[in-house]
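Have a look at the structure below before the remarks.
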Amino acid sequence: MTPAPGLGLGLLAAVWLASPARADFRLCNTTANRVSVALAYTDGSTWVSEGWWNVKPDACETLVRGPLAAEFYYLYAMDERGGEWRGKAFMCTRDREFRILGREDCYVRGFDRTGFFEVDTGKEAKNWTVQLTEGAQARP
């Protein structure tokens, strides 16, 4: 799931704390394109990566329902034009819907290895919203 060469969009992810009335981990897509999103987290002993949520432009999706159990969550997103939101925390993914336990030996186990960006929700947060936004186009 890598974008076509030459489509290097510089994309940003803005994060803010959601209103106290909700107890979820949500992602809002404020771009002009549909995005596909994968999420990863740990329960303290086992890593889990799962996806894909397809989020329409100017829409939000709840990725984790209820109060947050972890301080750190990891996200990867790709829009329909090949732009990506990614980072340096590598997790296992695949092209179709997935739920994968563990983040080691992705290729050996038949999965892709994808870089996710970290979201620090803080130690006390019970809810969180990540907002995906478009940035300036990358220059070669």
Side-chain angles (χ1 to χ4, degrees):
M1 291 204 7
T2 53
L7 292 178
L9 287 178
L11 299 172
L12 305 172
V15 180
W16 80 91
L17 192 60
S19 66
R22 297 206 55 117
D24 298 325
F25 185 93
R26 295 170 32 98
L27 180 128
C28 293
N29 174 16
T30 64
T31 73
N33 300 302
R34 183 180 59 88
V35 295
S36 295
V37 179
L39 172 72
Y41 52 90
T42 181
D43 65 6
S45 61
T46 303
W47 281 95
V48 177
S49 56
E50 54 188 320
W52 296 100
W53 287 267
N54 292 305
V55 185
K56 295 177 183 175
D58 296 317
C60 297
E61 183 74 34
T62 299
L63 306 183
V64 177
R65 295 198 182 280
L68 303 183
E71 179 179 352
F72 297 98
Y73 289 85
Y74 298 83
L75 291 170
Y76 170 81
M78 179 179 188
D79 73 16
E80 54 197 358
R81 293 191 173 181
E84 295 180 291
W85 292 260
R86 63 181 178 183
K88 296 180 181 180
F90 289 93
M91 309 291 172
C92 300
T93 61
R94 67 179 179 189
D95 288 340
R96 61 186 187 276
E97 186 176 332
F98 67 91
R99 185 172 195 279
I100 301 169
L101 299 179
R103 62 185 277 189
E104 66 288 326
D105 303 320
C106 297
Y107 296 127
V108 172
R109 297 190 297 149
F111 302 119
D112 296 320
R113 186 173 177 261
T114 305
F116 285 54
F117 68 89
E118 181 178 271
V119 177
D120 181 352
T121 64
K123 293 184 184 211
E124 302 299 320
K126 298 298 178 210
N127 57 43
W128 200 266
T129 299
V130 174
Q131 180 178 347
L132 295 181
T133 61
E134 292 182 81
Q137 187 167 349
R139 308 267 186 238

Is Arg86 close to Thr114 at the side-chain level, that is, under 4.5 Å between some pair of heavy atoms?
no

Which atom pair, heavy atoms only, marks the closest approach of Thr121 to Ala125?
O-CB, 2.9 Å

Would you kindly confirm whether Phe90 and Ile100 end up in one hydrophobic cluster when ILVMFWY residues are joined by side chain heavy atoms under 4.5 Å apart?
no

Where do Asn127 and Thr129 land on the side chain to side chain donor-acceptor pair (under 3.5 Å) test, with the steps shown first?
CA-CA 7 Å; Asn127 57 43; Thr129 299; over 6 Å; no

Indicate yes or no: at least one non-hydrogen side-chain atom of Trp85 is less than 4.5 angstrom from one of Leu75.
no

Closest heavy-atom pair, Pro57 versus Ala32, reported as atoms and distance to 0.1 Å, is CG-O, 3.5 Å

Tell me which one of Arg65, Lys126, Glu61 satisfies side-chain contact (heavy atoms from CB on, under 4.5 Å) with Asp24.
Arg65

OH-CG distance between Tyr73 and Leu63, expressed to the nearest 0.5 angstrom:
10.5 Å

Path from Leu27 to Phe117 over hydrophobic side-chain contacts below 4.5 Å
yes

Checking Tyr76 against Trp52 for the side-chain contact (heavy atoms from CB on, under 4.5 Å) test, could you report, in this order, the C-alpha distance in whole Å, the side-chain angles of both residues, the deciding distance, and whether it holds?
CA-CA 10 Å; Tyr76 170 81; Trp52 296 100; 3.7 Å; yes

Between the main-chain N or O of Leu132 and the side-chain N or O of Thr30, is there a donor-acceptor pair closer than 3.5 Å?
yes

Do Lys56 and Asn29 make a side-chain contact, defined as non-hydrogen atoms from C-beta onward lying under 4.5 Å apart?
no

Please tell me if the side chains of Arg109 and Glu104 come closer than 4.5 Å, counting only heavy atoms from C-beta onward.
yes

Please say which of Phe116, Phe25, Tyr41, Trp47 ends up in a ring pair (Phe, Tyr, Trp, His ring centres under 6.0 Å) with Tyr74.
Trp47

Any donor and acceptor pair, going by atom type alone, linking the side chain of Thr62 with main-chain N or O of Val64 inside 3.5 Å?
no

Heavy-atom pair of closest approach, residues Arg113 and Cys106
CB-CB, 4.1 Å

Rounded to the nearest 0.5 angstrom, the OG1-CZ distance for Thr42 and Arg103 is 9.0 Å

Quick one: pull up CZ in Arg26 and CH2 in Trp128 and give me the separation to the nearest 0.5 Å.
14.5 Å

So, does Thr31 use its side chain to make a donor-acceptor pair with the main chain of Thr133 at under 3.5 Å?
no

Those residues at least two apart in sequence (or on a different chain) that pass ring-ring contact (aromatic ring centres under 6.0 Å, His included) with Trp53 are none

Supply the atom-to-atom distance Met91 CE to Asp112 CG, rounded to the nearest 0.5 angstrom.
14.5 Å

Keeping Ser49 on the side-chain end and Cys92 on the backbone end, is there a donor-acceptor pair under 3.5 Å?
yes

